[in-house]
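Computed from a predicted model, the values in this text were never measured in an experiment. Note that ligands are numbered from 1 as they come in the structure, with each ligand's atoms numbered from 1 the same way.
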Amino acid sequence: MEQQLKELQTEALAKAEAAEDLKQLNDIRVAYLGKKGPITEVLKGMGKLSAEERPKMGALANEVRAAVASAIETKQTALEQQAIKKQLEKETIDVTLPGRPVKSGNQHPLTKVVEEIEDLFISMGYSIAEGPEVETDYYNFEALNLPKGHPARDMQDSFYITEDILLRTHTSPVQARTMEKYQGQGPVKIICPGKVYRRDNDDATHSHQFTQIEGLVVDENISMGDLKGTLEVFAKRLFGEDREIRLRPSFFPFTEPSVEVDVTCMCGGEGCRICKHTGWIEILGAGMVHPNVLEMAGFDSKKYTGFAFGMGPDRIAMLKYGIDDIRHFYTNDVRFLTQFAEHE
Ligand code: FA5
């Protein structure tokens, strides 16, 4: 029996040592130390031993169990450490590898142009005002000297929500709202950028939704000369020092006199497809604030005068970047948009 136990020990230790993974090792543990294992089997024969030998064999059996258990435990620790090492090796980070570039978006060309125009006017002392895109008929038309039924309403085909509420057709209602807030006290010097909506048929230069930037200055002694000087600075800073502007008589019910403002084309005045061979490109509408508009907003039109202008940054961006179709701004093709990334 002693011989059998020692052989079992040698055999179990060798197998434990040779185990390649934790599963094999556990199988060995179950096989040798389990209730139905060979050591228990050997001990079943103890009954045949003399009273002297029995405790000796019992002690030996315990020693063998302890030796096998200890060998298995040692091997288990070794296998576990090996597994951790393998895992760590697999997860090693090579800090010398070059990083993968992160694809980041970029500013929309229209946002760029709007922000550039905003910065330009802020540098001239203007502040920014905002108003709602869903507007009342009163602010969009009536407060701008365009009562119901006025034929000039036809100049701006509108999306009505109810009889009195519509999507604003221009940023001019912010003029009226801002003047009201000032309660008849000048000076007012603001620009208001924002989205506007018209029932225009979409084509290369018209969109049913587009951007406008309104400008308004109200103070004592404001003249047409101030308007012209301001727009000249604006055009030269935005398009280049070599550009000129010209004012053509026009009509808006909320300004008197009214003008349309053209800037010399990038062709240098020789004439090209973009300026339709005239050498000039229209960029905005403007004029002296109509006395009726001043009065409706609570300003004394004998004391105060003002000028206002409204430009379309979509068309300005088209000119600045040489874009031939306004619809590119709204279809948002990534190939088009990424051309305006800062680093390019
Ligand atoms: C107006 O909207 C006036 N409120 C401007 C104004 C303000 C005049 C203050 C006087 C005083 P107009 O309808 O011309 O004016 O539009 C102004 C600019 O918006 C145009 O010069 C053009 O650049 C742009 N615009 C007009 N319709 C469209 C359209 N469908 N798509 C893109 N841009 C447009």
Side-chain angles (χ1 to χ4, degrees), residues 109-110 113-114 117 121 126 129 131 135 139-141 143-146 150 152-159 166-179 188 190-218 222 224 226-228 230-231 234-235 238-239 245 247-263 274 280-294 297 305-320 323-330:
L110 266 180
V113 168
V114 169
I117 297 171
F121 280 101
Y126 286 69
E135 188 51 282
Y139 286 112
N140 196 79
F141 290 127
L144 296 169
N145 209 25
L146 269 152
H150 194 294
R153 284 193 178 205
D154 287 350
M155 289 161 75
Q156 301 181 4
D157 259 352
S158 321
F159 290 112
L166 72 161
L167 296 180
R168 68 178 177 194
T169 54
H170 51 174
T171 40
S172 301
V174 189
Q175 267 192 46
R177 285 179 174 274
T178 308
M179 277 195 278
V188 182
I190 51 133
I191 55 160
C192 14
K195 290 194 196 93
V196 300
Y197 306 83
R198 284 187 199 174
R199 283 186 53 186
D200 283 345
N201 289 328
D202 290 0
D203 62 23
T205 53
H206 291 83
S207 173
H208 58 280
Q209 179 213 298
F210 57 102
T211 323
Q212 276 195 347
I213 297 180
E214 189 83 3
L216 171 72
V217 174
V218 179
I222 295 291
M224 197 79 178
D226 296 311
L227 170 65
K228 187 166 187 239
T230 304
L231 294 178
F234 158 75
L238 195 74
F239 295 109
I245 61 163
L247 275 52
R248 277 182 294 109
S250 184
F251 172 75
F252 296 103
F254 31 94
T255 47
E256 182 58 38
S258 301
V259 289
E260 259 168 341
V261 180
D262 300 337
V263 63
I274 295 172
W280 295 92
I281 299 162
E282 182 202 316
I283 52 164
L284 54 89
M288 298 304 291
V289 182
H290 197 292
N292 287 356
V293 175
L294 286 169
T305 49
F307 67 73
F309 55 86
M311 61 181 84
D314 300 61
R315 300 220 183 126
I316 291 173
M318 287 171 77
L319 286 178
K320 210 172 146 58
I323 296 162
D324 60 0
D325 197 317
I326 196 170
R327 288 167 288 201
H328 287 309
F329 293 133
Y330 300 102

Under 3.5 Å: N/O of Thr255 near N/O of ligand 1:
no

Ring centres under 6.0 angstrom apart (Phe121, Phe234)
yes

Using a 4.0 Å cutoff against the non-hydrogen atoms of Gly285, which atoms of ligand 1 qualify?
6 (C), 8 (C), 10 (C)

Among protein heavy atoms, which lies nearest atom 27 (N) of ligand 1, and at what distance?
Phe210 CZ, 3.3 Å

Just verifying a value: how many Å separate Phe309 CZ and Leu284 CG, rounded to the nearest 0.5 Å?
7.5 Å

Under-4.0 Å heavy-atom contact with ligand 1, by part of Thr171 that carries it:
neither

What protein heavy atom lies closest to atom 22 (C) of ligand 1? Include the residue and the distance to one decimal.
Arg315 NH1, 3.4 Å

Has Asp314 got any heavy atom lying under 4.0 angstrom from an atom of ligand 1?
no

Among all protein non-hydrogen atoms, which one is nearest to atom 15 (O) of ligand 1, and what is the separation to 0.1 Å?
Phe252 CE2, 3.5 Å

Closest contact, heavy atoms only, Lys228 versus Ile245
O-CD1, 3.8 Å

Specify the closest pair of heavy atoms between Ile213 and Pro313, including all atoms of both residues, with the distance to one decimal.
CG1-CG, 3.6 Å

Please tell me whether His170 and Phe254 form a close aromatic pair, meaning their ring centres lie under 6.0 Å apart.
yes

Nearest neighbour in protein (non-hydrogen) for atom 16 (O) of ligand 1
Gln212 NE2, 3.3 Å

Would Val196 count as a contact residue for ligand 1, given that I'm defining contact as a non-hydrogen atom of the residue lying under 4.0 Å from a ligand atom?
no

Within ligand 1, which atoms have a heavy atom of Ala308 less than 4.0 Å away?
9 (C), 11 (C)

For ligand 1, which atoms, with element, lie under 4.0 Å from some heavy atom of Thr205?
31 (N), 32 (C)

For atom 6 (C) of ligand 1, tell me which residue out of Gly310, Pro253, Ser207 has the closest non-hydrogen atom.
Gly310

When every non-hydrogen atom of Leu227 is compared with those of Ala308, the smallest separation belongs to CD1-O, 4.3 Å

In Å and rounded to the nearest 0.5 Å, what is the CZ to CD distance from Phe251 to Glu256?
8.0 Å

Select one of side chain, backbone, both or neither to describe which atoms of Ala286 lie under 4.0 Å from any atom of ligand 1, heavy atoms only.
backbone

Just need the protein heavy atom nearest to atom 12 (P) of ligand 1, so name the residue and atom and give the distance.
Arg198 NH2, 3.9 Å

Interatomic spacing from CD in Glu135 to OG in Ser172 - rounded to 0.5 Å
11.0 Å

Closest contact, heavy atoms only, Leu144 versus Ala176:
CD2-CB, 4.5 Å

The side-chain hydrogen bond (donor to acceptor under 3.5 Å, both in side chains) partners of Gln212 (sequence neighbours excluded) come to Thr171

What about Glu260: any of its N or O atoms under 3.5 Å from an N or O on ligand 1?
no

With a 4.0 Å heavy-atom cut-off (strictly under), which part of His170 contacts ligand 1: side chain, backbone, both or neither?
side chain

If we set the cut-off at 4.0 Å for heavy atoms, which region of Phe254 has an atom near ligand 1: side chain, backbone, both, or neither?
side chain

Looking at ligand 1, does any of its N/O atoms fall within less than 3.5 Å of an N/O of Glu214?
no

Identify the heavy atoms of Met311 and Ile316 that sit nearest to each other, and give their distance.
SD-CD1, 3.7 Å

Can you list the ligand 1 atoms lying under 4.0 Å from a non-hydrogen atom of Ser172?
4 (N), 7 (C)

Residue list, salt bridge (charged side-chain N to carboxylate O under 4.0 Å, His left out) with Asp325, at least two apart or on another chain
Arg327

Any side-chain donor-acceptor pair under 3.5 Å between Asp202 and His208?
yes

Below 4.0 angstrom from a heavy atom of Glu282, which ligand 1 atoms are there? Numbered from 1 as shown, please.
21 (O)

To the nearest 0.1 Å, how far is atom 30 (N) of ligand 1 from its closest protein heavy atom, and which atom is that?
Asp200 OD2, 2.7 Å

Ligand 1 N/O within reach of Thr169 N/O, cut-off under 3.5 Å
no

Would Phe307 count as a contact of ligand 1 if the rule is a heavy atom under 4.0 Å away?
no

Pro253 and Asn145 have their tightest heavy-atom pair at O-ND2, 3.0 Å

Which one holds for Gln175 and ligand 1: side chain close, backbone close, both close, or neither close, with close meaning a heavy atom under 4.0 Å?
side chain

